[in-house]
2 protein chains.
Amino acid sequence: MTPPKAATLHDVAREAGVSLITASRALSNPGVVSAKTIAKVQAAVDATGYIPNLLAGGLKSKRSLMVAGVVPALAVSQFLPTVQSLTNELSAAGYQLLLGQTNYDPDVEASVLNTMIGRQPDGIVITGLVQSEAARDKLRRSRIPVVETWDLSDQPIDKLVGFSHQKVGNALGEYFLKKGWTHIGIASGSDHRARMRRDGFIAALGREVPTAFVSPPSNLERGRRALADLLALEPRLDAVCCSSDQLAHGVMVEAQARGLRIPQDLAICGFGNADFSAHMVPSITTVHVDGPDIGRLAARLIIDQCRGAPIAESIIDVGFRIVERESTAG
Amino acid sequence: MTPPKAATLHDVAREAGVSLITASRALSNPGVVSAKTIAKVQAAVDATGYIPNLLAGGLKSKRSLMVAGVVPALAVSQFLPTVQSLTNELSAAGYQLLLGQTNYDPDVEASVLNTMIGRQPDGIVITGLVQSEAARDKLRRSRIPVVETWDLSDQPIDKLVGFSHQKVGNALGEYFLKKGWTHIGIASGSDHRARMRRDGFIAALGREVPTAFVSPPSNLERGRRALADLLALEPRLDAVCCSSDQLAHGVMVEAQARGLRIPQDLAICGFGNADFSAHMVPSITTVHVDGPDIGRLAARLIIDQCRGAPIAESIIDVGFRIVERESTAG
DNA sequence: CTGTTAGCGCCTTCAC
DNA sequence: GTGAAGGCGCTAACAG
């Protein structure tokens with residue numbers, strides 16, 4: 001009963017008694033075909049179980065209806081809302097997401113991007129700025145719309161949706177200064193963006209700060225360990241700035257396990273405004289960034305360009321804001 | 001300086017002074033080409049910045065080197081390790097992952113699968129069992145290898161890597177019985193798999209259990225709310241079985257906020273063995289499932305089939321195990 | 001509104 | 001070991 005081969009547009013056209021191109025138009029450009037013909041073609045599609053071969057269509061039309069998305073690692077929960085909204089936004093416009101992971105390795109990143117380009121996506125969305133000059137050059141020469149995200153630069157490859165990690169660090173540093181804590185520590189991821197925030201923080205404070213660096217993934221366990229390390233460096237520690245809410249959570253658990261009161265004995269601040277942070281006891285002060293919006297804007301930039309719509313601005317700073325909660329209150 | 005058009009294999013062949021097909025073979029089947037020719041072609045590739053068009057290759061060769069992955073929602077952290085290892089495993093074998101989200105909607109699922117089939121992936125990996133019979137039929141007729149995951153069935157569409165949620169529920173029910181708790185509650189996601197676990201749990205207990213259903217996403221906030229609801233139903237509550245560690249975390253926070261001691265006043269059990277669960281205070285009892293392994297096995301099933309390797313078994317039960325920790329100890 | 005023609009860029013099949 | 005045709009399935013471009 002199952003047909004030996006999948007139906008092609010050719011079969012549909014024959015079944016409907018029209019030419020190949022008419023069948024094609026009935027499906028992908030119904031405006032220019034008579035209603036009666038469309039009905040015939042539609043009936044033939046149902047009868048044959050036809051599913052269009054998007055590979056072939058893409059080859060000819062130069063529109064693959066795919067967008068490549070590249071993240072360091074999917075498990076970096078920070079980027080998840082961005083990828084999720086990116087996928088949904090693309091999907092609504094008929095695009096599919098091709099996913100790549102770099103595992104924070106520049107060589108892997110270059111090779112992933114290379115393969116991605118070969119698939120002729122209609123756009124490429126990258127988390128962070130592409131580091132290697134060779135890869136940047138290849139991307140530019142590919143003429144594929146590129147959106148770098150979650151960071152800021154005056155010289156993106158093409159377009160950019162992000163914010164300044166330096167400024168986040170500055171803002172946090174000033175906040176910590178204002179609070180008057182005297183023995184501050186940092187629990188920081190080892191990736192480029194976390195280091196940028198740390199640099200900004202230190203610049204605002206105007207002095208070095210004891211730091212526990214954490215290799216990815218930043219999670220609760222490593223947060224606990226980071227606080228242990230910081231307390232070994234500085235027993236009088238009274239505030240910790242963490243590069244993610246997951247780390248902050250770990251610092252909080254470790255602090256409570258040691259009988260420290262939060263924020264009286266130890267103030268804690270995170271980054272990313274994870275879904276749990278507002279609902280912990282005590283709730284966690286953090287930096288809010290609109291992840292879903294980054295994904296949405298990146299999708300729009302690409303879709304608009306593909307449709308020939310004018311692009312208002314190609315560098316979008318979505319900003320950020322410090323959300324003060326109980327873990328640093330008072 | 002930038003070339004007006006991307007280089008094609010044609011350009012490479014001309015540059016290298018060989019025929020088109022020789023250039024093609026030098027790149028994709030070097031075994032049958034002389035070393036000298038390969039070197040010439042390689043030089044031409046570097047000179048032109050050639051990147052193979054995988055769309056065109058896939059059209060002719062019937063191997064797109066893409067695998068489709070379908071999840072309910074990316075933010076369901078349960079599946080993340082699976083998707084991450086799936087992506088890495090595929091990537092190592094030269095495959096790319098095409099991502100789709102169903103948002104737990106059967107209609108969206110059907111339409112996403114349809115589009116996926118149209119892209120001619122070499123395999124499709126789906127989280128959960130495909131519900132709609134129409135979609136199952138289309139998948140079968142597409143002749144694309146399909147792997148359903150994170151569930152069990154004797155009649156998968158094609159292949160399957162998962163475990164029995166019914167049995168997880170049974171095992172948890174028996175564990176709760178053995179512990180002798182008398183006023184048990186359930187905080188459960190509303191999705192199909194969470195309901196299956198709940199059914200198994202109730203079957204093992206042999207009586208109905210007060211339940212707070214939680215619509216997706218299951219997170220800390222909804223866990224807190226779930227405990228509040230359960231306590232309203234049953235003030236003498238002494239144990240809660242949760243359908244995820246995120247919910248369990250929320251139940252724990254809410255319990256502690258109400259001055260309940262864990263596990264003395266309230267025992268808590270989760271599901272999924274999230275990365276934080278082992279390191280909380282108290283640590284959270286949970287059910288461990290090897291998510292990365294599911295992704296790895298699914299990738300292997302597809303890659304092996306594509307390479308014509310014999311498939312040992314097409315239904316793999318990866319099992320599970322209850323991990324007892326402090327939140328139910330004593 | 002519909003049809004004919006000519007490829008998209010590459011790989012399979014066959015020859016040499 | 002290398003090369004010359006032909007076509008994968010579809011859609012732009014131009015006719016009618």
Side-chain angles (χ1 to χ4, degrees), chain A residues 3 5-41 44-45 48-66 94 115 117-122 142-143 308, chain B residues 3 5-41 44-45 48-66 94 115 117-122 142-143 306:
Chain A
K5 273 175 63 65
T8 75
L9 193 54
H10 186 88
D11 302 322
V12 172
R14 192 156 31 82
E15 176 88 13
V18 299
S19 79
L20 190 72
I21 185 63
T22 301
S24 168
R25 281 197 277 251
L27 296 176
S28 51
N29 197 3
V32 301
V33 178
S34 77
K36 209 162 64 183
T37 306
I38 291 178
K40 277 196 299 187
V41 171
V45 166
T48 55
Y50 169 71
I51 297 179
N53 183 332
L54 267 25
L55 244 53
L59 179 59
K60 181 65 190 173
S61 69
K62 304 279 176 206
R63 289 177 299 108
S64 63
L65 296 179
M66 291 193 302
T115 320
I117 293 175
R119 294 208 180 276
Q120 318 290 127
D122 294 338
S142 76
R143 308 206 161 287
Chain B
K5 271 173 65 67
T8 75
L9 195 53
H10 187 86
D11 303 322
V12 173
R14 193 155 31 83
E15 176 87 13
V18 299
S19 79
L20 188 79
I21 183 60
T22 301
S24 167
R25 280 197 277 250
L27 295 175
S28 51
N29 197 4
V32 301
V33 179
S34 76
K36 209 161 66 183
T37 307
I38 292 178
K40 278 195 299 188
V41 171
V45 166
T48 55
Y50 170 70
I51 296 179
N53 182 331
L54 298 174
L55 244 54
L59 179 58
K60 183 65 191 178
S61 69
K62 304 280 177 206
R63 288 177 301 109
S64 64
L65 295 181
M66 291 192 303
T115 319
I117 293 174
R119 293 207 181 275
Q120 320 289 126
D122 294 337
S142 76
R143 308 206 161 288
C306 288

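Naming convention: chains lettered A, B, ... in sequence-line order (proteins, then strands); numbering from 1 in each chain.
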*For the residue pair I51(B) and V45(B), establish whether any side-chain heavy-atom pair is separated by less than 4.5 Å.*
no
*asked:* Please classify the nucleic acid contact of V33(B) as base, sugar-phosphate, or nothing, using heavy-atom distances under 4.0 Å.
replied: sugar-phosphate
*Grab the two heavy atoms, one from S28(B) and one from P30(B), that are nearest each other, plus how far apart they are.*
C-CD, 3.7 Å
_Holding to side-chain contact (heavy atoms from CB on, under 4.5 Å), I want the full list of residues that pass it with P52(A), two or more places apart in sequence or in another chain._
Y50(A), L54(A)
*Terminal contacting nucleotides, 5' and 3', DNA chain D versus chain A (heavy atom, 4.0 Å)*: dG9(D) to dA13(D)
Enumerate the protein-to-nucleotides 10-15 of chain C contacts in which both atoms are nitrogen or oxygen and the separation is below 3.5 Å.
from	atom 1	to	atom 2	distance (Å)
dC10(C)	OP1	Y50(B)	OH	2.5
dC10(C)	OP1	N53(B)	N	3.3
dC10(C)	OP2	L9(B)	N	2.6
dC11(C)	OP2	S24(B)	OG	2.6

*Would you sort out whether V41(A) and V33(A) count as a side-chain contact (heavy atoms from CB on, under 4.5 Å), showing the intermediate values?*
CA-CA 11 Å; V41(A) 171; V33(A) 178; over 6 Å; no
_Taking only side-chain N and O atoms of S19(A), does any of them lie within less than 4.0 angstrom of OP1 or OP2 on dG3(C)?_
yes
_Measuring from atom CG of N53(B) to atom CG of L9(B), what distance do you get when rounded to the nearest 0.5 angstrom?_
10.5 Å
*Measure the distance from CD1 on I117(A) to P on dG9(C) and round it to the nearest whole Å.*
16 Å
Tell me which donor-acceptor pairs under 3.5 Å the side chains of residues 11-22 of chain B have, and how far apart each pair is, sequence neighbours excluded?
from	atom 1	to	atom 2	distance (Å)
D11(B)	OD1	R14(B)	NH2	3.0
D11(B)	OD2	T8(B)	N	2.8
S19(B)	OG	T22(B)	N	3.4
S19(B)	OG	T22(B)	OG1	3.1

*Between SG of C306(B) and CG of D122(B), what distance do you get to the nearest 0.5 Å?*
4.5 Å
_Check the phosphate of dC1(C) against T37(A), side-chain N and O only, distance under 4.0 Å to OP1 or OP2. Yes or no?_
no
*Taking five pairs at each end, how big is the angle between the two axes of the helix from dC1(C)-dG16(D) to dC16(C)-dG1(D), to 10°?*
30°
Could you pull out every donor-acceptor pair under 3.5 Å between side chains of residues 55-66 of chain A and any protein atom, sequence neighbours left out?
from	atom 1	to	atom 2	distance (Å)
S61(A)	OG	G57(A)	O	2.8
S61(A)	OG	R63(A)	N	3.3
S64(A)	OG	M66(A)	N	3.3
S64(A)	OG	Q120(A)	O	2.7

